Every structure is written in C-alpha cells, then in structure tokens.
Trainee: 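Following this message is one structure expressed as structure tokens.
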Amino acid sequence: MTALWTHFALNLAQVAFLLIFAPLVEGVLHRLEEIIQGKRGPSIWQTYRDIWKLFGKDEVISEESTWVFRFAPIVAFVMPMFVVLLIPALTAYPLFFAFMGDMVAVGFLMAVSGFFVALAGMDTGNVYAAVGASRTHMVGFLAEPVFIMVFFSVSYVANSTIPYFVNATWGASWGSMLQPSHLLVILAFFLLILADEGRIPVDSAAGKVEIAMIGHSKGLEYSGTSAALMKWGGTTKLMVLALVLVNVLVTPWGLAQHTQWTAILAAVGLVLLKLLVFVMVLALIETTLAKLRLFRISEFLAVAFVICLFAVSVRLVGLG
C-alpha cells in the first residue's frame, strides 16, 4: 500500500475512532458525575443504547419547519468528522487532509455546526427552542473573540496554526510546555470548552427545565433519526474539543510516530487514557461548582479573553 493510501486509511481510522468512542466518553462522564454525588448512576454504555433506540423510532416533523430543520442534524453530525481529519487524533505526523485547514478552519467548522443547530431551534416556532437558540447566539457572540485570541496565542507561541505543527513544537521539549504563556492558553481553552459545550458553570448539561436550558433546548423538537444524529453529534463535538486540548495543548505525546498499525492501536489506548483524565477533571468541576446566572456568563468568558491577552503579553515581553 502506498504512503498516500496508508494516510487516507489512517484518516478513516481517526473518524472511526471518533464515532466509536465519543458516546463512551460521554457515558463515562455521566457515570463519574453520579458517583461523585453519591448516586449509582447510569451505565457507561447508556449513550450507545439511547442512540440505538432513537434510530429505531419514527420521526415527527412539524409542518411549519423548513429544510433548515431537516438539514441541521446532518451538519451537527458531519462537522466534527471533518474536524478530526485536521487535528492529531491518533498520529503525530500529518495525514492526507492535515493541510486542508488550520486551527482557524477548525473553529469555523464548529461554528457552522452551531449556527445551523441554532437556526433549526427557531425554525419550528417552539418558544423554548427559540429561547435556547437566542441564548446560544449570545454565548457564541461572547465566545468568538476568545476563540480568535486562543488561535492567535497558539499560532504566536508555536509559530504555526497547523495543529500537527503545534503538536510537534510543544512536544519537542518539557521546557516549552512549562512556559507561562502556554499554561495560560491551556486555561483559556478549557474555559472555552466549558462555555461552548454548555457545561457548569455556564450551563447544566443534565438540566431538564426548558426555560433554564441553553444548549439542549434547541433540540427539543427532534425525534427519531434526527434526534439520534443530534445526540451523536453532540458527543463527537465534545470529544473533538477534548482531543485538541489533550493532544495539541496539554500532552502532545503518546501519538503514533509511524504508520504501523501496532503503533496506531497503542495510540488509541494512550489517547483514551488522556481523555479519561480530562473527563475526571470535567466531572469534578461540574459537581463542585454552581451554575452561573445567565447575565454572568459574559464575565466568565471575559476572564478567558483576558487570560489570552495576558498570555500574548507575557510572550511579547519575553517572559515565557
């Protein structure tokens, strides 16, 4: 097999890795949160069962909806699959699609997914979905400057916007990992994940009160296959952001250095271990903090923005 086809096959392996293990990551997160709260909690395989059950149900679509409502679940499901082709999910070397986009393209693809889902929330006329969509737009409007500053900070510190090059730059030495600017960028990106994924303290992913929800309220009208795609797409989006954090920013090691499948399988185990640590930290945060009031979310994201500015300033003055 030529190098081109090998890299193409590895791209497909990264997509399969995302689709197979994303529901497991969310299932482990939910189970850990319940255990920390002293409850038994659902099985770690419950997300797989929910998705399978939704695929077997009939779909009910409002007569008032347009093509946007039908198209949004497909976009939400497909976009994280495009993103995983651009980031080092399993390999430390660039693959076939690695140079098709940089970290700005990653942010753009994720934003396209959120844009269509928010539009679909307003498409059916459901008042709660419209409230959730408007709040999502508000959070997105506040998060976009932070996204830009994170990407600018990463590109300035690592001298590149290609995720594979950033991974190689920071994985070259421990000294580069311990620079103050790098640590500040990691903190800002983690705060951004909490906001973008609707996690506490920004939103409660387990909340069931329609008027209080931000993220989940946009999908209230979906059922059957569309609901399954929305749920599966939500798990893959969380896993993609976690992969960027653990493989590019926090621990750019443990990825396959060559194309042998034994190295790929070893990388799968190590990446899953890093994701487990991320999930444990996320579960601890969600069970120990309280949800912020709606109008204090701007303060939360402003902190992340200031941290990015401080990271760039520290780098500019030569302190790290």
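Note that this is a predicted model, so its numbers are computed, not measured.
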Trainee: So if you build clusters from Ile, Leu, Val, Met, Phe, Trp, Tyr with side-chain heavy-atom gaps below 4.5 Å, do L270 and V244 land together?
Mentor: no
Trainee: Please say whether more than 12 non-hydrogen atoms of neighbouring residues, nucleotides or ligands are located less than 6.0 Å from CZ in F190.
Mentor: yes
Trainee: Report yes if some heavy atom in the side chain of I44 is under 4.5 Å from a heavy atom in the side chain of L24; otherwise report no.
Mentor: yes
Trainee: With no hydrogens and no angle check, is any side-chain donor or acceptor of H182 less than 3.5 Å from a backbone partner on L249?
Mentor: yes
Trainee: Can you label the angle between the Y222 ring and the F69 ring as parallel, tilted or perpendicular, going by 30° and 60°?
Mentor: parallel
Trainee: Quick one: pull up CD1 in I87 and CG in L245 and give me the separation to the nearest 0.5 Å.
Mentor: 11.0 Å
Trainee: Working to the nearest 0.5 Å, report the span between CD of E286 and CG of L194.
Mentor: 7.5 Å
Trainee: Show the numbers, then the answer: is there a side-chain contact (heavy atoms from CB on, under 4.5 Å) between T47 and W232?
Mentor: CA-CA 9 Å; T47 307; W232 203 351; over 6 Å; no
Trainee: So how far is it from D58 CG to T225 OG1, rounded to the nearest 0.5 Å?
Mentor: 9.0 Å
Trainee: side-chain contact (heavy atoms from CB on, under 4.5 Å), that's the test. Do L276 and V28 meet it? Break it down for me.
Mentor: CA-CA 8 Å; L276 176 61; V28 172; 4.0 Å; yes
Trainee: Check step by step if side-chain contact (heavy atoms from CB on, under 4.5 Å) holds for L18 and Q14.
Mentor: CA-CA 6 Å; L18 176 70; Q14 290 197 154; over 6 Å; no
Trainee: Pair M230, V117 - check side-chain contact (heavy atoms from CB on, under 4.5 Å), show working.
Mentor: CA-CA 9 Å; M230 291 284 287; V117 172; 3.7 Å; yes
Trainee: Are the side chains of E34 and P42 in contact, using a 4.5 Å heavy-atom criterion?
Mentor: yes
Trainee: Is it the case that atom OH in Y48 sees more than 12 heavy atoms from other parts of the structure closer than 6.0 Å?
Mentor: yes
Trainee: How would you list all residue pairs meeting salt bridge (charged side-chain N to carboxylate O under 4.0 Å, His left out) that involve residues 235-258, not counting sequence neighbours?
Mentor: D196-K237
Trainee: Do T251 and V277 have side-chain heavy atoms sitting under 4.5 Å apart?
Mentor: no
Trainee: As an exercise, state the distance from CG of L301 to CG of L192, rounded to the nearest 0.5 Å.
Mentor: 7.0 Å
Trainee: Measuring only between side-chain heavy atoms, which start at C-beta, is M81 closer than 4.5 Å to T236?
Mentor: no
Trainee: Counting distance only, does the side-chain N/O of T287 pair as donor-acceptor with the main-chain N or O of Q37 below 3.5 Å?
Mentor: no
Trainee: Would you check if the side chain of K231 reaches a backbone N or O of P23 as a donor-acceptor pair within less than 3.5 Å?
Mentor: no
Trainee: Within the 4.5 Å heavy-atom criterion, are W253 and N247 side-chain neighbours or not?
Mentor: no
Trainee: Could you tell me whether the side chains of S226 and E59 share a donor-acceptor contact shorter than 3.5 Å?
Mentor: yes
Trainee: Look at atom CH2 of W261 and say whether more than 12 heavy atoms of other residues, nucleotides or ligands are closer to it than 6.0 Å.
Mentor: yes
Trainee: Out of curiosity, I35 CD1 to E33 CD, how far, rounded to the nearest 0.5 Å?
Mentor: 11.0 Å
Trainee: Test of understanding: clusters of I, L, V, M, F, W, Y form through side-chain heavy atoms closer than 4.5 Å, transitively. Do I51 and V60 belong to the same one?
Mentor: no
Trainee: Examine distances only and state if a side-chain atom of R31 and a backbone atom of R40 form a donor-acceptor pair shorter than 3.5 Å.
Mentor: yes
Trainee: Any heavy-atom pair between the side chains of L54 and L229 that's under 4.5 Å?
Mentor: no
Trainee: Evaluate whether atom CZ of F300 has more than 12 neighbouring non-hydrogen atoms of other residues, nucleotides or ligands under 6.0 angstrom away.
Mentor: yes
Trainee: Could you state whether L12 and L243 fall into the same hydrophobic cluster, counting links through intermediate Ile, Leu, Val, Met, Phe, Trp or Tyr residues with side-chain heavy atoms under 4.5 angstrom apart?
Mentor: yes
Trainee: Would a 4.5 Å heavy-atom cut-off, applied to side chains only, mark F21 and V271 as touching?
Mentor: no
Trainee: Any idea which heavy atoms bring P180 and V314 closest together, and the distance?
Mentor: CB-CG1, 4.1 Å
Trainee: Would you say V25 and T235 make side-chain contact, with heavy atoms under 4.5 Å?
Mentor: no
Trainee: Rounded to the nearest 0.5 Å, what separation is found between the CZ atom of F310 and the CG atom of L187?
Mentor: 12.0 Å
